[in-house]
Amino acid sequence: MITPRLADFIAFTEKTAAPWQTKRLLCLSMLDWVACGIAGADEPVSRITRGLVEEEAGAKQAHVFGGHRVPVRAAALVNGTVSHALDFDDTHFAHIGHPSVAVIPAALALAEHHDVSGSVLQHAMLLGLETSIRVGIWLGRTHYQTGFHQTATAGTFGATAASARLLGLDASGTAAALGLAATRASGLQSQFGTMGKPFNAGIAAANGVEASLLIARGFEPNSSGIDTLQGFGDTHASERDVESALFELGKRWIFDGIHHKFHACCHGLHATLEAIANYDRPKLDDIVSVSVATHPRWLTVCNQSNPSTGLGAKFSFRLVVALALLGYDTASPETFRDELCFNPDVLTLRDRVAVAGCSGLSETQAQVEIAHKKNEMHKMFYDLDAPMSLSERETRIFAKAATLVGEERASKLWDIIKKQSDPSEIGLLIRASETRHKSH
């Protein structure tokens with residue numbers, strides 16, 4: 001069974017267990033997450049979700065992006081949703097999910113309310129992120145292909161792990177929290193391209209906070225809710241490969257394989273965008289056709305043929321390739337606006353793009369062929385797993401954050417995170433204030 005081993009890992013793993021590089025990657029994911037949240041604070045889904053909880057006028061316990069203090073559960077819900085609103089946050093391909101948007105908002109809300117130290121917060125986050133990824137591996141590709149959104153399902157357990165650690169639950173209490181979370185975890189891929197997708201992340205964060213707080217108050221659920229008969233695994237098309245999911249748990253940090261986004265769209269599109277990044281921008285009339293080969297899994301995730309909204313565009317190979325080849329900046333959230341889905345040049349090039357699945361490619365690879373009128377064929381390939389040094393990643397993530405929130409605020413956030421400062425300092429920087437990014 002997976003629950004007891006996960007509970008022991010969450011309850012007993014010491015801060016010294018993770019190497020420096022893993023902790024540094026966590027810091028970079030925190031900076032990336034905060035920047036995405038601040039930049040997405042004025043998105044329609046953000047305003048709607050934040051407005052809902054603010055109208056309830058609950059206890060002022062934790063800050064939310066673009067707002068003020070709200071109850072802890074509500075803060076987790078809002079901040080999870082807001083930070084995923086731009087779909088610009090990190091991804092882990094071991095389970096095809098976005099770990100940070102479920103785990104970090106849950107942990108930050110609890111840490112701010114309970115006044116824990118920055119080092120305790122970051123350790124809880126790391127345990128939660130690792131748990132989310134490993135549960136995602138346990139659920140497997142079948143779970144994902146069935147239509148479940150791993151960010152929300154596996155993310156709920158990651159958010160629960162971080163919350164349980166921050167509340168000081170022992171192994172038994174942590175197992176109970178995970179078991180209770182099993183009856184709340186949810187999220188469907190059918191929401192992709194709508195406000196429902198970022199809301200899935202918010203639900204996961206809130207679920208984790210709620211389950212742990214209830215256990216801390218004495219709630220008694222079925223602690224085997226994940227892997228018991230008729231439990232989460234049984235009912236959610238899970239592969240339940242315990243050995244793969246828990247291999248070297250506590251010794252090897254799968255979180256180290258985290259990928260950060262440098263394009264403001266579904267990560268399944270990024271290998272394609274990187275493949276054509278250095279291609280000389282052609283004239284529209286010179287392009288006869290564009291052929292994209294990708295892992296077959298992405299055909300059911302980000303292959304909307306004719307999107308009509310900016311949100312839908314983030315899940316469309318054809319439209320994103322057209323935007324990139326026409327010189328639009330896919331690294332800017334402002335590019336993905338509704339009107340470009342109806343731009344004549346974009347539509348003309350979009351209709352020359354064909355997408356096909358290729359089982360010989362991994363989920364991080366893409367191959368692109370562009371045919372010109374002069375019978376020229378240009379072939380490009382990219383693999384997102386190509387090595388990237390920690391220093392290069394830091395440079396790119398800081399540049400991304402500076403673009404999203406301004407260099408001064410990005411520098412302040414990076415200093416707070418690196419120094420493991422009081423979580424309330426992050427809370428103060430995410431509250432209502434002007435941001436670089438403006439919604440359309």
Side-chain angles (χ1 to χ4, degrees), residues 20-43 46 50 60-70 75-76 78-86 88-90 100-101 103-126 129 162 166 205 258 260-262 264 331-334 390-439:
W20 179 87
Q21 182 179 24
T22 301
K23 294 176 181 178
R24 193 66 165 190
L25 281 171
L26 169 65
C27 289
L28 290 172
S29 278
M30 289 177 67
L31 175 63
D32 187 70
W33 175 82
V34 177
C36 289
I38 292 173
D42 199 40
E43 290 295 301
S46 305
R50 185 172 57 244
K60 298 179 179 181
Q61 297 175 332
H63 285 96
V64 295
F65 287 112
H68 300 286
R69 287 180 182 266
V70 300
V78 172
N79 288 341
T81 302
V82 174
S83 58
H84 199 41
L86 298 177
F88 210 1
D89 47 282
D90 61 22
S100 290
V101 289
V103 174
I104 293 180
L108 181 61
L110 272 174
E112 190 175 0
H113 177 49
H114 289 275
D115 194 27
V116 304
S117 70
S119 62
V120 170
L121 167 63
Q122 290 190 16
H123 184 54
M125 285 180 177
L126 185 55
L129 292 164
L166 286 169
I258 198 74
H260 295 92
K261 286 188 174 185
F262 302 109
S332 170
E334 296 181 12
L390 192 58
S391 60
E392 180 184 355
R393 191 190 297 249
E394 184 172 326
T395 297
R396 293 190 71 176
I397 290 176
F398 183 84
K400 171 184 171 181
T403 299
L404 291 174
V405 307
E407 189 167 349
E408 181 179 355
R409 188 187 287 188
S411 294
K412 288 181 180 178
L413 285 166
W414 189 223
D415 284 342
I416 289 171
I417 292 167
K418 286 190 298 182
K419 294 176 182 177
Q420 299 184 327
S421 301
D422 191 311
S424 63
E425 294 190 40
I426 297 177
L428 292 173
L429 283 172
I430 71 173
R431 66 183 181 180
S433 57
E434 186 176 352
T435 68
R436 266 276 181 93
H437 170 64
K438 298 294 182 184
S439 299

Pairing residues for Ala410 by the side-chain contact (heavy atoms from CB on, under 4.5 Å) criterion, not counting sequence neighbours: Phe398, Ala401, Ala402, Val405
- request: Would you give the length of the straight line joining atom CZ of Arg50 to atom CG of Asp42, rounded to the nearest 0.5 angstrom?
  value: 7.0 Å
task: Check for a donor-acceptor pair, side chain of Thr395 on one end and backbone N or O of Ser391 on the other, with a separation under 3.5 Å.
output: yes
message: How long is the straight-line distance from OG of Ser46 back to CG of Leu86, given to the nearest 0.5 Å?
response: 7.5 Å
- prompt: Going by heavy atoms in the side chains, are Ile258 and Leu129 under 4.5 Å from each other?
  reply: no
message: Quick check: closest heavy atoms across Val82 and Phe65, and the distance to 0.1 Å?
response: CG1-CB, 3.6 Å
Gln122 side chain to Lys418 backbone, donor-acceptor under 3.5 Å: no
statement: Nearest heavy-atom approach of Ala75 to Val64 is CA-CG1, 3.6 Å
- request: Any pair with a residue in residues 405-429 that passes ring pair (Phe, Tyr, Trp, His ring centres under 6.0 Å), sequence neighbours left out, goes on the list, sorted by first then second residue, please.
  value: none
message: Which heavy atom of Met30 sits nearest to which heavy atom of Ile426, and what is that distance?
response: CE-CD1, 4.1 Å
message: According to salt bridge (Lys or Arg N to Asp or Glu O under 4.0 Å), who are the partners of Glu408, at least two apart in sequence or on a separate chain?
response: Lys412
Of all pairs that satisfy salt bridge (Lys or Arg N to Asp or Glu O under 4.0 Å), the ones with a partner from residues 25-39, not counting sequence neighbours: Asp32-Lys400
Can you list, pair by pair, the side-chain donor-acceptor contacts under 3.5 Å of residues 103-117, counting residues two or more places apart and other chains?
{"residue": "Glu112", "atom": "OE1", "partner": "His63", "partner atom": "N", "Å": "3.1"}
{"residue": "Glu112", "atom": "OE2", "partner": "His63", "partner atom": "ND1", "Å": "2.5"}
{"residue": "Ser117", "atom": "OG", "partner": "Ser119", "partner atom": "OG", "Å": "3.2"}
{"residue": "Ser117", "atom": "OG", "partner": "Val120", "partner atom": "N", "Å": "3.2"}

query: Going from CG on Leu26 to CG on Leu126, what distance comes out if it is rounded to the nearest 0.5 angstrom?
result: 5.5 Å
task: Sequence neighbours left out, what passes side-chain hydrogen bond (donor to acceptor under 3.5 Å, both in side chains) with Ser83? Give chain and number order.
output: Trp33
Ser100 side chain to Asp89 side chain, donor-acceptor N/O pair below 3.5 angstrom: no
- line: The salt bridge (Lys or Arg N to Asp or Glu O under 4.0 Å) partners of Glu425 (sequence neighbours excluded) come to none
Nearest-0.5 Å distance, OG of residue Ser332 to CG of residue Leu404: 8.5 Å
query: Below 4.5 Å, heavy atoms only, C-beta onward: do Val78 and Val70 meet side chain to side chain?
result: no
- prompt: Could you give the distance from SG (Cys27) to CG (Leu413), rounded to the nearest 0.5 Å?
  reply: 12.0 Å
message: I need the minimum non-hydrogen distance between Leu121 and Leu166, along with the two atoms involved.
response: CA-CD2, 4.1 Å
task: Please list, chain by chain and in numerical order, all residues satisfying side-chain hydrogen bond (donor to acceptor under 3.5 Å, both in side chains) with Arg393, sequence neighbours excluded.
output: His260
task: Would you give the length of the straight line joining atom CG of Asp90 to atom CG of Leu28, rounded to the nearest 0.5 angstrom?
output: 10.5 Å
